[in-house]
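Basis for what follows: all heavy atoms, side chains included, without hydrogens, waters or symmetry-related copies. Predicted model only: the values in this text are computed from it and were never measured. Sequence lines set the chain letters: A, B, ... in the order given, protein chains first and strands last, and positions in each chain run from 1.
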Amino acid sequence: MKLSRTSGRQRRALSLGAALAAGALALTACGTDDNSGLPGAVDFSVEGLTCGPDGTLLASGSSAQANAMEVWVNTYQANCEGSQINYKATGSGAGVQEFLQGTTAFAGSDSLLSPGEVEESRSVCRDGGRAIHLPMAAGPIALGYNLPGVPELTLDAATLAQIFDSRITRWDDPAVAALNPGVDLPDLAITPFHRSDGSGTTENLTSYLNESAPEDWPHEPNKSWRGRGGQSADGSSGLVGMVQQNEGAISYFELSYAHQNNLDTVRIDTGAEEPVEATVENSSNAIAEAEVIGEDGDLALQLDYGSTAEGVYPIVLVTYEIVCDRGNEPGTLDLTRAFLNYTAGEEGQRALAEIDYAPISDDIVEQVRQRVEAMD
Amino acid sequence: MTAKSTDVEPAPRPPEGSGGSTTRLGDRVFSNLSKGSGIALLVIMGAIAVFLTIRAVVAIRANDGNFLTTFAWEANADPPYFGIAVLLFGTVVSSVIAMVIAVPIAVGIALFISHYAPRRLSTPIGYLIDLLAAVPSIIYGLWGALYLVPRMTGLYDWLDQFLGWTKVFSYDGSPARSLMTVGILLAIMILPIITSVTREVFKQTPKANQEAALALGATRWEVIRVTVLPFGRSGVISASMLGLGRALGETMAVATVLSPSFLINASVLESGGGTFAQNIASQFKEAGSMGRDALIASGLVLFLLTLLVNGAARLIIARRKEYSGANA
């Protein structure tokens with residue numbers, strides 16, 4: 001009796017185990033080879049890519065350009081066997097730090113180096129060189145919101161500043177209504193969300209608010225949030241989640257995040273005839289209007305946040321690759337040059353628009369190529 | 001040490017000479033290994049303390065604000081100014097909430113497993129609780145942010161209705177990403193460690209004591225009250241301290257769920273506040289060299305806080321031990 005019971009239990013256990021194993025096999029069979037996590041439209045084959053020497057390149061920095069880097073790195077590696085490029089999206093601050101310690105060939109950053117950091121770079125750059133900024137990708141910072149029944153919303157710098165500074169607290173506020181005639185705004189509290197971690201995105205948005213509406217946004221532009229009230233979340237993905245989850249929420253993140261999650265984005269009333277939408281083309285137009293403020297080959301850009309030109313989206317984030325103007329490590333210099341030549345080249349820039357980044361405008365990208373060539 | 005080993009020397013040898021000598025070699029190796037581990041531990045702790053202190057001193061010297069009272073974290077500014085008041089408050093409050101919720105539940109579960117549940121039920125429940133410990137904290141964070149937070153508003157509205165006058169439980173209806181939610185999440189996270197240690201301690205209660213109490217006509221609850229709980233008290237305290245240690249240092253779950261800000265909000269239901277570990281995680285990415293040193297200084301405070309808590313726990317256990325049944 002007892003014996004037969006245990007054997008029955010064993011049999012049941014066995015059959016359960018077999019079912020589990022079969023299930024596991026069936027599941028693994030579903031995997032595909034595409035692990036890039038990128039939209040399927042991206043094609044890694046490119047013609048006329050000039051490969052550098054074999055070797056490994058280390059770089060790190062801004063996570064804002066992480067998706068662009070992923071496409072660039074995959075394309076370059078697919079075309080140049082033997083080259084390994086390792087970009088860690090650690091954040092601009094950490095990237096710059098690693099570059100200044102001499103452990104990486106270049107850093108990605110979405111804010112400019114301080115004069116002190118440029119001075120510090122002289123110790124890692126060869127031949128009396130120093131660090132320079134090469135603008136490589138740009139992208140609109142979209143203002144995503146969650147208001148069911150309001151697919152189109154227009155705001156200007158002043159109302160945005162007051163919303164993010166908790167002075168406009170309801171969606172049916174007269175200031176919002178004045179910008180959206182004919183739109184049925186709900187009687188709902190506004191929950192503005194900002195980044196809880198330090199971020200170049202925050203710095204760019206607050207630069208825009210501070211320059212375009214200094215009276216409504218008295219806070220200095222900064223990587224960390226200085227506005228009053230509101231809620232915060234970690235990273236762009238955190239903010240997207242919060243906006244999706246909370247009716248009445250508004251926040252800011254790179255355009256790709258808004259697209260991937262089907263969020264409505266705010267059109268900005270810049271003073272131009274038509275309110276400007278956050279699109280790749282409109283932010284390319286903003287880059288075209290930007291001014292180079294760097295000296296001696298440095299290509300640091302200054303955006304014109306107050307532009308009233310047609311189709312210029314004012315809130316744009318530019319990510320720079322930070323390199324030594326005369327190269328740092330002789331061992332990786334040629335590979336660095338080849339890779340940046342590709343990213344700044346026509347093919348590299350064309351790849352950007354497919355993934356919601358804006359290419360750098362022609363005359364500036366031409367200068368970038370010259371700087372890359374001059375690294376030796 | 002040497003005196004001891006000479007004491008052992010003249011002890012009667014086992015008949016097989018070779019066997020005896022290997023045992024003594026094994027003893028020596030083992031004793032040296034454990035001594036080495038102990039020393040290594042001290043060295044590691046010392047090294048951490050020295051590292052934290054050196055970097056912290058750099059940051060605190062450069063600090064333009066007051067390290068203890070400034071309500072801001074602008075460590076990358078020039079001059080930097082930052083303070084830990086908000087972080088200390090947030091860390092302590094969220095951990096206290098977690099402890100208040102978790103300890104009674106953990107003790108309840110432990111008692112259920114050790115004294116009430118039939119064996120067929122107690123083993124799977126024990127496994128299930130232990131399994132909670134294997135869930136990575138980021139999973140708790142995501143679950144908290146996506147599932148728990150939206151479901152908290154009802155409870156908070158209710159609390160606000162009846163206890164809103166205390167200010168501590170007032171609630172403005174914003175998304176419930178507050179210290180209270182963090183506390184609840186931390187409570188779930190520290191449940192397994194407290195439960196499993198407590199359960200083991202309760203199981204060790206001498207059978208003789210329990211049977212004696214039963215013989216005197218005690219009900220099952222009375223048996224637990226007069227034998228199990230006093231016997232297990234110091235164990236429960238140490239288990240709680242283990243849980244508290246985890247709650248104090250939890251990073252990802254807090255960073256995902258909390259809406260941090262550098263203000264102390266009197267209400268634990270409204271967003272705001274921050275914890276040491278969460279602040280380090282969110283500020284580190286964009287921190288310059290001074291920013292990192294400032295974060296390390298805040299880490300040192302967390303280190304000291306943990307030492308303090310553990311020291312206090314040791315004191316309590318040492319005082320209570322003689323009264324408990326542990327040495328009966």
* Asked: Side chain, backbone, both or neither: which part of A:A189 has a heavy atom under 4.5 Å from chain B?
  ->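 Neither the backbone nor the side chain of A:A189 comes within 4.5 Å of chain B.
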
* Identify which part of A:S109 has an atom lying under 4.5 Å from any heavy atom of chain B, answering side chain, backbone, both or neither. =>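 The answer is neither part of A:S109.
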
* Go through B:S271, B:S259, B:S174 and name the one with the most non-hydrogen pairs under 4.5 angstrom from chain A. =>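 Looking at each option in turn, the highest pair count goes to B:S259.
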
* Counting only heavy atoms closer than 4.5 Å, note whether B:L146 contacts chain A via side chain, backbone, both or neither. =>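 Interface part for B:L146: both.
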
For chain B, which candidate among [options] shows the most heavy-atom pairs at distances under 4.5 Å?
{"options": "A:Q245, A:Q231, A:K223", "result": "A:Q231"}
{"options": "A:S111, A:S63, A:G91", "result": "A:G91"}
{"options": "A:S92, A:A233, A:A94", "result": "A:S92"}

* To do: Check the pair B:R177 / A:F193 against side-chain contact (heavy atoms from CB on, under 4.5 Å), numbers first and verdict last.
  => CA-CA 12 Å; B:R177 304 169 62 239; A:F193 279 93; 3.4 Å; yes

From [X] [atom1] over to [Y] [atom2], what is the distance, rounded to the nearest 0.5 angstrom?
{"X": "A:H194", "Y": "B:S261", "atom1": "NE2", "atom2": "OG", "value": "7.0 Å"}
{"X": "A:S232", "Y": "B:L258", "atom1": "OG", "atom2": "CG", "value": "7.0 Å"}
{"X": "A:S224", "Y": "B:N76", "atom1": "OG", "atom2": "CG", "value": "7.5 Å"}
{"X": "A:N222", "Y": "B:E74", "atom1": "CG", "atom2": "CD", "value": "5.0 Å"}
{"X": "B:Q283", "Y": "A:S196", "atom1": "CD", "atom2": "OG", "value": "8.0 Å"}

* Locate the shortest heavy-atom distance separating B:S282 from A:D197; write the atom from each residue and the value. =>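 The answer is O-CB, 2.8 Å.
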
* To do: Search all heavy atoms of B:P175 against all heavy atoms of A:T191 and return the closest pair with its distance.
  =>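 It is CD-CG2, 3.9 Å.
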
* To do: Return the set of residues passing side chain to side chain contact (heavy atoms under 4.5 Å, CB included) with A:P214 (not counting sequence neighbours), or none when no residue passes.
  =>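 Testing A:P214 for side chain to side chain contact (heavy atoms under 4.5 Å, CB included), a comparison that skips the adjacent residues, returns none.
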
* CZ/B:F67: more than 12 non-hydrogen atoms of other groups inside 6.0 Å ->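 Atom CZ in B:F67 is packed in, count exceeds 12.
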
* Asked: More than 12 foreign heavy atoms under 6.0 Å from CZ of B:R119: is that the case here?
  ->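 Atom CZ in B:R119 is not packed in, count stays at 12 or less.
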
